[in-house]
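Order of listing sets the numbers, starting from 1, for every ligand and every atom in it.
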Amino acid sequence: MEKIAVGLFGLGTIGTGVVQVLRENREVIAHRLGVELFLKKIVDLDIETDRGIVFEQGILSTKGEEILKDPEIPIVIELIGGTGAARKVVEAALSAGKHVVTANKALLAIHGEELYKTARKHGVKICFEASVGGGIPIIRTLKEGLPANRIESIYGIVNGTANYILTKMTDEGEAFDNVLAEAMAHGYAEADPTYDVEGIDSAHKLAILASLAFGTPIPFDQVYTEGISRITPLDIEYARGFGYKIKLLGITKASDDSIEARVHPTMIPERTLLAQVDGVLNAIYVNGNAVGPTLYYGKGAGAMPTASAVVGDLVEIARDILHGGTGRVPLGAFPEEYRQPLAVRPMDDVLTRYFLRFATADRPGVLSRISGILADFGISISSVIQTGRKSDGPVPIVMITHTARERDVKEALNRIDALEMTADRTVLIRIEDQEGEEE
Ligand code: HSE
């Protein structure tokens, strides 16, 4: 059987998974493809550590040029991660006329446009199915499954670590700090877990999804990013009382001539499918104007699921090689001349509903003072809860608003938080549901 050689950079968790998938599923992949994918060289700085796999003689190397300068290797996998060495390797591989497969969400989110340019210039392809949602084929869905649609919105649970933490906090009433350590032990977390808990990893993934869905470059610094480290069991409990669950969502929506792109903890109705996605699992909800709502669910991280996506990309490129031509599906889902830079709507202009928890002195007039300030900013209240006094300390007043503008809410809270009767900064959690669906 004819063979197509592949070079792999990075023998960490996912790299080891790729080796395993190519071995275990060698036959079925070869039968699907009609040729065999053959891992010719693996480059890593550390080729001594035991990965629990026996490697063929001479396959491991610490020298990148053994892949980059090998004319027999047409496909390079980059699993180094980050935007330093990985970027250099990807640029070098594309410039050498090699196709690239990567799982690197940060690289794509921040440098995607320039990498597309290099790839086009050299007539090769960069595939990144594993960058979002691990094993869930969401990139291919946006590029090839739903091209008949105008995408209206995407809501994604795209970080398993954050979802695991929120699930544990919800189910067991545990505080954030206690659950974080446990989540890291699962091996899903980024090298720096602040990427997971502060929403940065989700923002990388959201930027990639939005860019493909709407055919626009997304300047990464314009994606509003807020993490889960300030979420408390108390707010989760209140959410439950209102029929909501708190999830870290990546949200992107078409909105007039601009798009929204934001990552933040979000209250969603607990009856929705997305609210049922628990633990380290990921799910991406895509609304197309023809197809309606669709949901893609599965393992968003881990060696084998992520390797499934990486090897899927290898198969796609190998098919291109076999059938001559890589231009069938544009790298950014739209041909370059039809990718229009769309403005990302500033967070201040976003309209949504809000959960607000005030910590105030328990005395007459407090509630009317707060609602008066909210009214001054045109913010209308949908529900209010004030629980009884348990001690002499501040008491929580909890409100759900009707749809309001972020800027108005922020300004109202600045006024409220500056009041002498306010004991602590007001907690704000955005809500995503349809006003029309309210009971
Ligand atoms: N740290 C990521 C997560 C890994 O927890 O989902 C997958 O990108």
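- In this structure, Gly300 is part of the shell of residues with a heavy atom less than 4.0 angstrom from ligand 1.
- Residues Glu172 and Lys168 are paired through a salt bridge, judged by an N-O separation under 4.0 Å between the basic side chain and the carboxylate.
- Look at Lys63 and Glu65 and you find no salt bridge, because none of the NZ, NE, NH1 or NH2 atoms lies under 4.0 Å from a carboxylate O.
- Nearest protein heavy-atom contact of atom 6 (O) of ligand 1 is Gly160 N, 2.7 Å.
- With respect to atom 2 (C) of ligand 1, the closest heavy atom belonging to the protein is Glu190 OE2, 3.1 Å.
- Only one option out of Thr102, Val310, Val101, Leu107 pairs with Phe128 in a side-chain contact (heavy atoms from CB on, under 4.5 Å); it is Thr102.
- With respect to the salt-bridge test (charged N to carboxylate O, under 4.0 angstrom), the residues Glu56 and Lys40 do not qualify.
- Annotation for ligand 1: atoms under 4.0 Å from non-hydrogen atoms of Thr161 are 3 (C), 5 (O).
- One finds a salt bridge joining Glu432 and Lys253 here, because a Lys/Arg side-chain nitrogen approaches an Asp/Glu carboxylate oxygen to under 4.0 Å.
- The ligand atoms of ligand 1 that sit less than 4.0 angstrom from a heavy atom of Ala301 are 4 (C), 7 (C).
- At a heavy-atom cutoff of 4.0 Å, ligand 1 is contacted by both the backbone and the side chain of Asn159.
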Result block: side-chain N/O donor-acceptor pairs under 3.5 angstrom for residues 184-193, not counting sequence neighbours:
| unit_1 | atom_1 | unit_2 | atom_2 | d |
| --- | --- | --- | --- | --- |
| His186 | NE2 | Tyr164 | OH | 3.3 |
| Glu190 | OE2 | Lys105 | NZ | 2.9 |
| Asp192 | OD1 | Thr194 | N | 3.0 |
| Asp192 | OD1 | Thr194 | OG1 | 2.7 |
| Asp192 | OD2 | Thr194 | OG1 | 3.1 |

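- Within ligand 1, counting atoms from 1 as listed, the ones closer than 4.0 Å to a heavy atom of Asp196 are 1 (N), 2 (C), 3 (C), 5 (O).
- In this structure, Arg140 pairs ionically with Glu129, as a charged nitrogen and a carboxylate oxygen lie closer than 4.0 Å.
- When only interatomic distances are considered, the shortest N/O to N/O separation between Asn282 and ligand 1 does not fall below 3.5 Å.
- Ligand-side atoms of ligand 1 in range of Asp201: 2 (C), range being under 4.0 angstrom from any heavy atom.
- Of all the atoms in ligand 1, the ones that sit under 4.0 Å from a non-hydrogen atom of Lys205 are 2 (C), 6 (O), 7 (C), 8 (O).
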